[in-house]
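These numbers come from the heavy atoms of this one structure, side chains and all, not from hydrogens, waters or symmetry mates. Start at 1 with the first residue, then count along the sequence.
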Amino acid sequence: MPLAPHPIISKPEGPVMVCILDGYGENEFKDEYNAVYSSSSPCINALRAVPKRFRTIMAHGTAVGLPSDADMGNSEVGHNALGSGQIVDQGARLVDNALATGKIYEDAGWKLISTAFEANAVHFIGLLSDGGVHSRADQLYGCVKGAAERGAKKIRIHLLTDGRDVPDGSSSRFVEELEGVLAGLNCDAKIASGGGRMYATMDRYEADWPMVKRGWDAHVLGKAPHYFKDALTAVKTLRGTGEKVVSDQYLPTFVIVDEADKPVGIIEDNDAVVLFNFRADRMVELSKAFEYENFTSFDRERYPKGLKFVGMMQYDGDLKLPANYLVPPPEINRVSGQFLVNEGITTFACSETQKFGHVTFFWNGNRSGYIDEKLETYLEIPSDNCPFNEKPDMKAAEITEASIAALKSGKYKMVRVNFANPDMVGHTGNLAATIQACETVDKCVQRLLDVCDEVNARWIVTSDHGNADDMAQRNKKGKPLEQDGKVLALTSHTLAPVPIFVGGNGLPKNVVFQDGLPNAGLANVAATVFNLLGFEAPDFYKPSLLGFE
């Protein structure tokens with residue numbers, strides 16, 4: 001699958017850099033609660049002022065393969081689109097289709113869990129939310145209704161509260177809704193345990209195994225610091241009130257007990273377990289704990305035998321993890337990295353732990369490891385193990401130094417870098433810290449662009465979705481919402497488009513963004529990168545954003 005030479009843009013003398021500012025949107029609300037707008041960002045502001053070398057592109061909804069334009073983008077689908085040049089059906093849409101057609105009930109994963117319907121319990125573990133980033137509550141409801149209709153006698157739900165992809169404080173609403181669904185089933189169906197998504201279970205990239213153990217203890221063993229008779233009382237009590245409110249993200253684990261104070265939903269031998277998140281990164285570790293008999297990352301104390309364990313999807317294709325799943329994964333073939341390897345292009349990709357998988361696994365179409373280890377170097381900078389608002393600079397300086405070294409080395413024709421700060425600090429809801437995160441990244445980008453000029457490079461700076469660009473919950477007119485005299489923090493991604501800038505001393509002066517493609521999105525970036533490397537993109541890729549004066 002060779003790439004044709006570009007008829008106008010010759011191959012560059014220096015490297016091409018693609019820099020992703022994760023969670024950095026271009027929002028219509030330009031006020032003090034927009035951390036991107038409020039930050040002192042002379043580098044990005046200068047890039048915005050360059051005629052025809054700045055525009056915005058779509059980063060949510062159908063532009064990245066999600067079911068509707070009401071669906072927020074995220075780093076996974078964003079990097080899939082950036083790296084593949086294609087729009088493919090993504091997790092939520094795949095699950096929607098499987099439920100709508102009934103195919104989910106016919107495939108091997110469902111047949112496996114159905115062997116537990118008659119004599120054992122079926123446990124569903126995941127994020128209770130309609131945020132559409134990791135999971136959707138309506139998909140959980142479809143699964144539990146489908147199980148009950150097909151003979152499941154005992155269903156237990158182990159929920160994680162959100163407060164990040166949906167408004168903080170919405171946990172009680174989702175619990176009430178779930179309790180209503182369970183009450184309408186013709187079987188023994190109960191909520192069994194829970195906790196906040198950033199307190200238990202949903203760690204990623206093996207950054208905090210004790211977090212996963214806290215979830216294991218609650219979901220599997222029925223052990224937690226708090227016990228309640230019902231889940232609604234649990235989340236309302238643990239959130240607290242006034243100045244002592246605890247974010248839904250960080251609710252401590254709880255276990256529901258019966259009148260005899262015994263846990264109602266311990267996971268026993270021969271039970272079925274379903275992880276109902278469709279997104280991969282925060283389900284891999286729990287999958288390993290359920291799947292691997294010789295698991296050693298923490299002491300499980302008890303490992304249920306004969307489990308019928310499935311994920312909503314397969315979370316790691318190379319590890320075949322989990323081995324069984326309800327919905328087959330999307331097949332993203334002929335991604336940009338495969339074409340570049342075929343052309344002998346050497347690549348350096350770098351980020352810190354929180355986004356390392358995005359510039360590698362997700363960029364490469366959900367493939368673990370290298371496409372060609374001889375031509376690629378992937379560098380992971382370990383992230384801090386703390387709330388990111390406490391250290392909003394994160395590892396931006398280290399990423400910058402490593403990327404500068406790669407640019408200057410002469411070894412690489414492609415340098416790919418992701419700064420996690422705007423997204424990860426934005427998720428904390430701390431406005432001041434997020435502004436600092438944006439300012440830190442701005443300084444780092446300036447350093448990279450200065451080096452790009454030294455080595456005659458061409459570059460793209462863009463993002464994968466919005467987040468830091470709006471830190472306030474708003475009414476329909478865009479006015480920030482308040483509670484007890486304080487603006488309610490927005491911790492989720494946004495629906496904003498993202499900026500894209502192109503430039504570099506190595507880029508011919510007549511190369512600019514074309515005037516067309518008003519609905520262009522992240523998938524148009526790959527063809528644009530091919531052009532910067534002196535190639536035409538494959539016909540089936542979304543078209544390049546570049547034009548000529």
Does the ring center of F356 lie less than 6.0 Å from the ring center of F361?
no
Please determine, by modelled atom types, if T377 and Y412 share a side-chain donor-acceptor pair under 3.5 angstrom.
yes
Distance under 6.0 Å and angle within 45° of the ring axis: does R334 meet both against F540?
yes
I'd like to know if the side chain of D165 pairs up with that of S129 as donor and acceptor (distance under 3.5 Å, no hydrogens or angles considered).
no
Do H465 and S75 get their side chains close enough for a donor-acceptor pair, meaning under 3.5 Å?
yes
With rounding to the nearest 0.5 Å, note down the distance linking CE in M58 to CG in N524.
11.5 Å
With no hydrogens and no angle check, do the side chains of E13 and N456 hold a donor and an acceptor under 3.5 Å apart?
yes
Which residues pass the ring-ring contact (aromatic ring centres under 6.0 Å, His included) test with H427, sequence neighbours left out?
H493
Looking at R48 and E26, does any basic side-chain N land under 4.0 Å from a carboxylate oxygen?
yes
Regarding T353 and E380, do their side chains bring together a donor and an acceptor under 3.5 Å, going by distance alone?
yes
Verdict with supporting geometry, N333 and R367, side chain to side chain donor-acceptor pair (under 3.5 Å)
CA-CA 10 Å; N333 296 310; R367 289 172 177 81; 3.1 Å; yes
Could you check whether N45 and Y37, counting side-chain N and O atoms only, form a donor-acceptor pair closer than 3.5 Å?
no
In terms of side-chain heavy atoms, does K288 have a donor or acceptor partner in S297 at a distance below 3.5 Å?
no
Please lay out, stage by stage, how D168 and T491 fare under the test side chain to side chain donor-acceptor pair (under 3.5 Å).
CA-CA 7 Å; D168 199 15; T491 55; over 6 Å; no
In terms of side-chain heavy atoms, does N34 have a donor or acceptor partner in N27 at a distance below 3.5 Å?
no
On the ring face of F29, is R474 found with NZ or CZ under 6.0 Å from the centre and within 45° of the axis?
yes
Any donor-acceptor pair under 3.5 Å linking the side-chain atoms of S39 with those of D442?
no
Among N421, D22, D464, the one residue meeting side-chain hydrogen bond (donor to acceptor under 3.5 Å, both in side chains) with K355:
D22
Worked verdict on D162 versus H134 for side chain to side chain donor-acceptor pair (under 3.5 Å)
CA-CA 10 Å; D162 192 346; H134 291 270; over 6 Å; no
State the CZ-CE distance between R282 and M211, to the nearest 0.5 angstrom.
6.0 Å
Could you check whether N74 and H60, counting side-chain N and O atoms only, form a donor-acceptor pair closer than 3.5 Å?
no
S544 and N531: side-chain donor and acceptor closer than 3.5 Å?
yes
